[in-house]
Q: 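Once you've had a glance at the structure underneath, I'll fire off some questions.
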2 protein chains.
Amino acid sequence: MTSTDTMTSTDTTESDLTSPERAASPRWTRQRQAIEDYLASCADFRTAQQIHDHLQQEGAGVSLPTVYRTLQQLAETGQVDQVRTGDAQTAYRRCLMTGHHHHLICRRCQTAVEVPGPDIQDWAAQVARDHGFSAVGHDLELYGVCADCSARGAPESPAGPAR
Amino acid sequence: MTSTDTMTSTDTTESDLTSPERAASPRWTRQRQAIEDYLASCADFRTAQQIHDHLQQEGAGVSLPTVYRTLQQLAETGQVDQVRTGDAQTAYRRCLMTGHHHHLICRRCQTAVEVPGPDIQDWAAQVARDHGFSAVGHDLELYGVCADCSARGAPESPAGPAR
DNA sequence: GGACTTCATGAGAATCATTATCAATAAGCC
DNA sequence: GGCTTATTGATAATGATTCTCATGAAGTCC
């Protein structure tokens with residue numbers, strides 16, 4: 001399969017631990033535990049590579065394919081948010097906010113803040129109707145420079161979404 | 001250099017043929033001509049690969065690196081819009097609408113409609129201020145199924161952004 | 001507790017989009 | 001026409017992600 005989602009801001013609405021997919025109860029493994037624990041401890045988005053590196057350093061040997069697989073599953077069940085970084089990587093973060101929301105991401109330190117969405121859904125639905133489109137969804141991300149980074153004058157992270 | 005932009009909805013505002021970068025007037029070559037012509041004839045987004053394939057079939061031999069380079073330049077000068085497809089490809093389309101706008105893209109046939117943005121900029125600026133962020137930009141794409149595809153019941157394009 | 005079934009994992013290779021390198025070529029200018 | 005220099009093309013390289021398949025562990029039944 002392929003990760004066909006551009007973003008999950010739209011989809012977090014369906015995060016629902018009682019969903020049928022979740023009912024398939026994945027086996028509880030040390031590796032999955034390690035990944036979820038790490039995600040739970042992170043305030044900002046991490047790429048699969050970063051997660052893998054961290055777990056390696058911690059001694060929790062988890063292979064890269066496993067990291068990808070687990071993240072994909074978590075994303076499918078709405079347990080993590082995913083965003084595309086500027087350099088074609090996918091970054092993940094445990095979903096803290098239920099319901100429809102978006103992310104305000106610092107271009108330098110990758111810190112992410114979840115923010116409730118405005119009435120974009122209504123607007124999107126209206127636009128779609130006007131053009132004869134159905135089944136609309138949307139992807140919305142906000143990028144900026146957080147207060148800390150502004151004060152520090154830190155250089156932009158090479159891995160981060162630019163501009 | 002790297003293509004660090006996640007999307008250019010934000011950036012099309014700065015499309016400005018008189019900008020200093022543009023003043024460096026790129027040389028007019030057969031290859032660039034072919035690429036621009038093709039883009040001008042397309043109503044929807046095309047990936048670099050698709051453009052390359054088409055030009056090959058037409059007999060206008062343009063190498064893939066050249067396609068990428070040209071598209072990047074066009075994107076930098078705001079002459080084309082770029083969006084990320086679901087499967088990690090970047091798709092380009094000639095920018096028809098000047099000023100700030102977004103895209104409503106059909107998941108099945110990739111047809112794209114440019115739509116003027118709502119007051120997201122104001123909202124984004126407000127949210128950013130609330131969280132101490134500066135220099136905000138945003139990425140917003142709308143996805144749906146166009147009227148034609150709905151009627152036709154066409155299967156989803158394997159290359160298109162899903163959901 | 002032990003055997004069994006089945007899913008998750010890991011190692012490695014493969015894929016695929018994109019970018020870098022560098023010599024050859026063509027555009028623009030005199 | 002000759003010169004300078006940006007552009008191109010062939011090729012290799014890069015890097016994220018996915019696939020394959022044998023191995024091992026989790027959950028279940030007895």
Side-chain angles (χ1 to χ4, degrees), chain A residues 1-6 21-36 45-53 55-56 59-77 80 82-92 157-162, chain B residues 1-6 21-36 45-56 59-77 80 82-92 158-162:
Chain A
M1 76 148 280
T2 55
S3 69
T4 41
D5 277 302
T6 305
E21 296 91 272
R22 181 63 178 175
S25 65
R27 288 183 179 171
W28 199 251
T29 64
R30 174 180 62 79
Q31 291 87 342
R32 176 179 291 263
Q33 177 82 272
I35 293 169
E36 294 198 9
F45 283 87
R46 294 292 148 98
T47 65
Q49 301 281 350
Q50 289 172 325
I51 295 170
H52 177 246
D53 289 349
L55 295 179
Q56 289 297 310
V62 180
S63 71
L64 198 49
T66 297
V67 173
Y68 276 105
R69 269 186 297 240
T70 304
L71 289 173
Q72 234 168 54
Q73 289 165 4
L74 292 173
E76 273 169 15
T77 57
V80 298
Q82 53 183 355
V83 297
R84 277 274 163 69
T85 67
D87 57 344
Q89 283 182 280
T90 305
Y92 300 83
S157 153
Chain B
M1 76 146 281
T2 55
S3 69
T4 41
D5 278 302
T6 305
E21 296 91 274
R22 182 63 178 174
S25 66
R27 287 183 181 173
W28 200 250
T29 64
R30 176 181 60 79
Q31 291 88 342
R32 175 179 291 263
Q33 177 82 272
I35 292 169
E36 293 197 9
F45 283 89
R46 294 291 149 99
T47 65
Q49 301 281 349
Q50 288 172 327
I51 294 169
H52 177 246
D53 289 348
H54 176 87
L55 295 179
Q56 289 297 310
V62 180
S63 71
L64 199 49
T66 298
V67 173
Y68 276 106
R69 270 185 296 239
T70 304
L71 289 174
Q72 233 168 56
Q73 288 165 5
L74 292 174
E76 273 169 15
T77 56
V80 298
Q82 53 183 357
V83 296
R84 276 272 164 69
T85 68
D87 58 344
Q89 284 181 281
T90 305
Y92 300 83

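Note: hydrogens, waters and symmetry copies are ignored here, and every other heavy atom, side chains too, is used. Chain A is the first sequence line, chain B the second, and so forth, proteins listed ahead of strands; every chain is numbered from 1. Just so it is clear, the structure is predicted and the values come from calculations on it, not from any experiment.
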Q: Measure the distance from CZ on B:Arg27 to P on C:dC29 and round it to the nearest whole Å.
A: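 That distance rounds to 9 Å.
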
Q: Please state whether the phosphate of C:dT18, meaning OP1 or OP2, lies under 4.0 angstrom from any side-chain nitrogen or oxygen of B:Thr90.
A: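 Yes, within the criterion.
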
Q: Would you kindly give the CZ-to-P distance between A:Arg30 and D:dG24, to the nearest whole Å?
A: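 After rounding, the reported distance stands at 14 Å.
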
Q: Measuring to OP1 and OP2 of C:dT9, would you say a side-chain N or O of A:Thr29 lies under 4.0 angstrom away?
A: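 Checking C:dT9 against A:Thr29, a side-chain N or O does come within under 4.0 Å of OP1 or OP2.
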
Q: Kindly state which residues belonging to residues 62-71 of chain B come within less than 4.0 angstrom of DNA chain D, counting heavy atoms of the residue only, listed by number.
A: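 By residue number: B:Val62, B:Ser63, B:Pro65, B:Thr66, B:Arg69.
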
Q: D:dT18, OP1 or OP2 - any side-chain N/O from A:Gln72 closer than 4.0 Å?
A: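 Answer yes for this pair, as a side-chain N or O of A:Gln72 is under 4.0 Å from OP1 or OP2.
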
Q: Rounded to the nearest Å, what distance is computed from the CG atom of residue A:Leu74 to the C1' atom of nucleotide C:dA8?
A: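 Distance, rounded to whole Å: 14 Å.
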
Q: When you measure from the side chain of A:Gln49, which nucleotide among C:dA17, D:dT8, D:dT17 comes out closest?
A: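 Of C:dA17, D:dT8, D:dT17, D:dT17 is nearest to the side chain of A:Gln49.
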
Q: Looking at five pairs on each end of the helix from C:dG1-D:dC30 to C:dC30-D:dG1, what is the angle between the two axes, given to 10 degrees?
A: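 The end-segment axes of the helix from C:dG1-D:dC30 to C:dC30-D:dG1 are tilted 30° relative to each other.
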
Q: Would you confirm whether B:His52, through its side chain, and B:Ser63, through its main-chain N or O, come within 3.5 Å as a donor-acceptor pair?
A: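 Side chain of B:His52 to backbone of B:Ser63, a donor-acceptor pair under 3.5 Å: no, none is there.
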
Q: Whole-Å distance between C:dT9 C1' and A:Gln73 CD?
A: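 Whole-Å distance recorded here is 11 Å.
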
Q: Please name all residues satisfying side chain to side chain donor-acceptor pair (under 3.5 Å) with A:Arg46, sequence neighbours left out, ordered by chain then number.
A: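 Expected list: A:Tyr38, A:Asp44.
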
Q: Whole angstrom is fine here: how far is it from CD in A:Glu36 over to P in C:dA8?
A: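 One finds 13 Å between P of C:dA8 and CD of A:Glu36, rounded.
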
Q: Nearest whole Å is fine: how far is D:dT7 P from B:Gln33 CD?
A: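 Rounding to the nearest Å, CD of B:Gln33 and P of D:dT7 are 15 Å apart.
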
Q: How far apart are the closest heavy atoms of A:Ile35 and A:Thr66, and which atoms are they?
A: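 Closest heavy-atom pair between A:Ile35 and A:Thr66: CD1-O, 4.2 Å.
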
Q: Using the side-chain contact (heavy atoms from CB on, under 4.5 Å) rule, take B:Phe45 and B:Gln89 through it: C-alpha gap first, then chi angles, then the decisive distance, then the call.
A: CA-CA 11 Å; B:Phe45 283 89; B:Gln89 284 181 281; over 6 Å; no

Q: State whether A:Gln31 places a side-chain N or O below 4.0 Å from either non-bridging phosphate oxygen (OP1 or OP2) of C:dA8.
A: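 Indeed not, no polar side-chain atom of A:Gln31 lies that close.
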
Q: On a heavy-atom basis, which atom in A:Gln56 and which in A:Gly61 lie closest, and how many Å separate them?
A: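 That would be NE2-CA, 4.1 Å.
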
Q: Between P on C:dT19 and NE2 on B:His52, what's the gap in Å once rounded to a whole number?
A: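 Whole-Å distance recorded here is 15 Å.
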
